[in-house]
Structures are given as C-alpha cells and as structure tokens.
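This one's a predicted model, so the numbers in the text were calculated from it and none came from an experiment.
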Amino acid sequence: ALIDAGTLDLASSLSVPTGGSVGLTADSMTDAGGTIMAPAGMVSLAPLSPGRPVVIGGTDPNMLDLSISILQAAGDAATLALGSTDSGPLTVAAPADLAVPDIILRGGGIVLDAALGASGTLDLESTAGITQEAAFSAQSLTGSASGMVSLGMPNLIGTLQSFFVPNQTFLLRDRAELLVSGPVGAE
C-alpha cells in the first residue's frame with residue numbers, strides 16, 4: 001500500500017505478483033504515464049482524509065479526482081475498488097468503460113451521472129443512498145446501501161445478485177432479461 005498526504009503521481013510502474021493487491025491512498029492522484037500491474041489481483045484507490053468525496057472523471061481539486069487514464073492503468077487487475085466506506089460521496093462524472101472485470105464503488109453515497117461499463121460484476125457499497133442520471137452495464141450487480149437505491153435508467157445487467165438495503169426503497173430498471181440470483185431487499 002502507498003499512502004501519500006499530498007498528491008500521488010503515478011509516473012512509473014507498480015507491480016505485484018499474480019493475485020496480489022495494490023492499494024493507493026491519497027487525497028489527490030495524477031496519472032503521469034505509469035501503470036499498475038496486479039494480474040488477477042486487486043487495485044484499490046481511496047482518499048486519505050475521511051469524508052473526502054471521490055469523483056471519476058471530474059475536475060474539482062477538493063475531491064479525489066480519479067481520471068479515466070489512472071483507472072485504465074490498472075487494466076490487468078481482476079478487481080478495481082474505488083473509494084472507501086470512510087470516504088464522502090462517490091460520483092461517476094465521466095463515461096467509463098473499463099477493462100477490469102469487477103468494479104467496486106464505495107462511498108458515503110454513490111451518484112452515477114455518466115455511463116459506466118463493467119465486463120464482470122459491479123458492486124455498489126454505499127453508507128448512504130445510490131442514484132443515477134446515466135445507465136450502466138454489467139454482467140452482474142450486487143451491493144448494499146444504507147439509504148434509498150434509485151437505479152431507474154435503462155441499465156443492462158445480466159444477473160442481480162444479493163443487494164442489501166435495510167428499511168429503504170430499492171428501484172432497479174433493466175432493459176433486457178434479468179436473472180435474480182440472490183436475496184434483494186431489507187432485513
């Protein structure tokens with residue numbers, strides 16, 4: 001794990017053995033042409049400061065702005081985890097169709113303002129609600145939220161796995177045949 005109290009500049013290659021994990025934690029990250037090699041492993045990108053918002057493809061210096069190029073730098077990983085349970089809201093502000101099969105989005109709320117594509121599983125883990133203004137696609141969807149989940153755009157999902165939403169509304173719209181394979185709802 002690399003932790004930087006300033007700006008973390010990805011300027012060279014970081015690599016771990018097959019199945020290993022790379023964790024980058026900083027309140028600001030920039031892509032300076034580097035790569036993150038974690039074949040069949042996990043790459044985690046999260047803010048250092050609790051409550052700091054995370055934005056994918058934004059331009060706000062007061063947030064952890066994860067550019068599409070920094071996400072693509074982790075192309076050979078099996079899982080890409082963005083944000084943390086301690087971070088502020090996570091917003092997808094620019095379209096992202098990532099080569100990493102499984103994507104985990106974590107935050108104090110998740111907002112999908114731009115299209116997102118996951119070739120495998122999309123895992124949405126929110127300590128607040130989840131909303132969207134743009135559709136997403138994934139082979140499967142799973143997650144949990146402490147607030148209302150409103151995914152009413154015409155999404156493209158193959159399988160809905162378990163999704164835990166305690167005592168809240170769960171709305172999901174899908175534009176194709178959907179297989180429900182796990183428990184969904186509040187308990």
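- Distance OG1/T127 to CG/D86: 8.5 Å, rounded to 0.5 Å.
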I would like to know whether D123 and D102 meet side chain to side chain contact (heavy atoms under 4.5 Å, CB included); could you show each step before the answer? CA-CA 8 Å; D123 184 353; D102 299 331; over 6 Å; no
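- When side chains are defined from C-beta on, L172 does not count as touching V184, because their heavy atoms never get closer than 4.5 Å.
- Between I56 and L116, the closest side-chain pair of non-hydrogen atoms is not below 4.5 Å.
- A distance of 8.0 Å separates CG of D9 from CG of D4, quoted to the nearest 0.5 Å.
- The side chain to side chain contact (heavy atoms under 4.5 Å, CB included) check on S44 picks up M42, A81, with sequence neighbours excluded.
- Using a 4.5 Å cut-off between side-chain heavy atoms of Ile, Leu, Val, Met, Phe, Trp and Tyr, with links allowed through other members, I110 and V149 fall into the same hydrophobic cluster.
- The CG atom of D65 sits 11.0 Å away from the OG1 atom of T91 when rounded to the nearest 0.5 Å.
- Of the N and O atoms on the side chains of T121 and S140, at least one donor lies less than 3.5 Å from an acceptor on the other residue.
- Under the 3.5 Å distance criterion, the side-chain polar atoms of T159 are left unmatched by any main-chain donor or acceptor of Q161.
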Apply the test side chain to side chain contact (heavy atoms under 4.5 Å, CB included) to residues L10 and M29: give CA-CA distance (whole Å), side-chain angles for both, the deciding distance (0.1 Å), then the verdict. CA-CA 7 Å; L10 184 60; M29 293 183 198; over 6 Å; no
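- Q132 contributes a side-chain N or O that, together with a main-chain N or O of G152, makes up a donor-acceptor pair within less than 3.5 Å.
- The two residues L90 and R106 have their closest heavy-atom pair at CD1-O, 3.5 Å.
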Would you sort out whether F136 and L141 count as a side chain to side chain contact (heavy atoms under 4.5 Å, CB included), showing the intermediate values? CA-CA 10 Å; F136 64 86; L141 175 67; 4.0 Å; yes
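- I104 contributes atom CD1, which lies 9.0 Å from atom CG of L82 (distance to the nearest 0.5 angstrom).
- Not a single donor-acceptor pair under 3.5 Å links the side chain of T35 to the backbone N or O of S13.
- Closest of all the heavy-atom pairs between D31 and S69 is OD2-OG, 2.9 Å.
- The shortest heavy-atom contact between G83 and A46 is O-CB, 3.7 Å.
- Nearest heavy atoms, P101 versus A77: CD-O, 3.4 Å.
- Exactly one of L71, V100, L80 qualifies for a side chain to side chain contact (heavy atoms under 4.5 Å, CB included) with V43. That residue is L80.
- Listed here is the closest heavy atom pair of G117 and I103: O-CD1, 3.8 Å.
- Cluster membership check: M153 does not share its hydrophobic cluster with L105, using side-chain heavy-atom separations under 4.5 Å among Ile, Leu, Val, Met, Phe, Trp and Tyr.
- Side-chain atoms of D27 come within 3.5 Å of backbone atoms of L48 as a donor-acceptor pair (strictly under, hydrogens ignored).
- Side chains of S87 and R52 form no contact here, defined as non-hydrogen atoms less than 4.5 Å apart.
- Considering all non-hydrogen atoms of both residues, A134 and A114 come closest at CB-C, 3.4 Å.
- The OG atom of S162 lies 8.5 Å from the CG atom of L160; values are rounded to the nearest 0.5 Å.
- Hydrophobic clustering of Ile, Leu, Val, Met, Phe, Trp and Tyr side chains at less than 4.5 Å, counting indirect connections, unites L66 with L2.
- Both L8 and V54 sit in one connected hydrophobic cluster of ILVMFWY residues. Membership requires side-chain heavy atoms under 4.5 Å apart, directly or through other members.
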For I36 and L24: C-alpha separation, side-chain torsions, deciding distance, then whether side chain to side chain contact (heavy atoms under 4.5 Å, CB included) applies. CA-CA 10 Å; I36 305 168; L24 304 179; 3.8 Å; yes
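- Of the possible polar contacts, none joining the N155 side chain to the D174 backbone as a donor-acceptor pair under 3.5 Å is found.
- Both L151 and V180 are part of a single hydrophobic cluster, where members link through side-chain heavy atoms under 4.5 Å apart.
- Note: Q139 CD to L156 CG = 11.0 Å, rounded to the nearest 0.5 Å.
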